[in-house]
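Because only heavy atoms are used, hydrogens play no part in the values below, and waters and symmetry mates are left out as well, while side chains stay in.
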Amino acid sequence: MYATQALTQLVPLAADELDKNKVTPGVLGFLVFAALAVGVWFLMKSMNRHMGRVDFEEAPDRAAQPGDTGGDPAQASSGAGTEAAGTKTPASGKG
């Protein structure tokens with residue numbers, strides 16, 4: 001027997017017992033919601049752990065420094081002049 005045939009035979013039985021003024025998600029709805037909540041909690045814990053491991057030190061913006069007399073603003077904002085001058089800073093800041 002196909003699932004659709006079984007459902008068409010069970011729907012009239014459920015219609016007799018269904019109270020249209022009291023429709024709740026039931027235990028299954030609660031369990032699904034609780035499983036989703038626990039999954040989101042574990043994902044947030046994992047994200048916080050991974051974000052704590054990120055070691056990022058942003059290079060100072062040369063265009064925003066006081067005393068900058070000008071120059072090429074496109075080169076200063078892109079940071080191309082820093083690499084060309086050979087003054088690379090390590091991304092981790094550890095060495």
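Applying the under-4.5 Å side-chain rule to Ile, Leu, Val, Met, Phe, Trp and Tyr, the cluster around V27 extends to F30, L31. Membership of the apolar cluster around M51 extends to V40, M44, M47, as traced through chained side-chain contacts below 4.5 Å between ILVMFWY residues.
Qualifying side chain to side chain contact (heavy atoms under 4.5 Å, CB included) partners for T24, counting only residues two or more places apart in sequence or in other chains: none.
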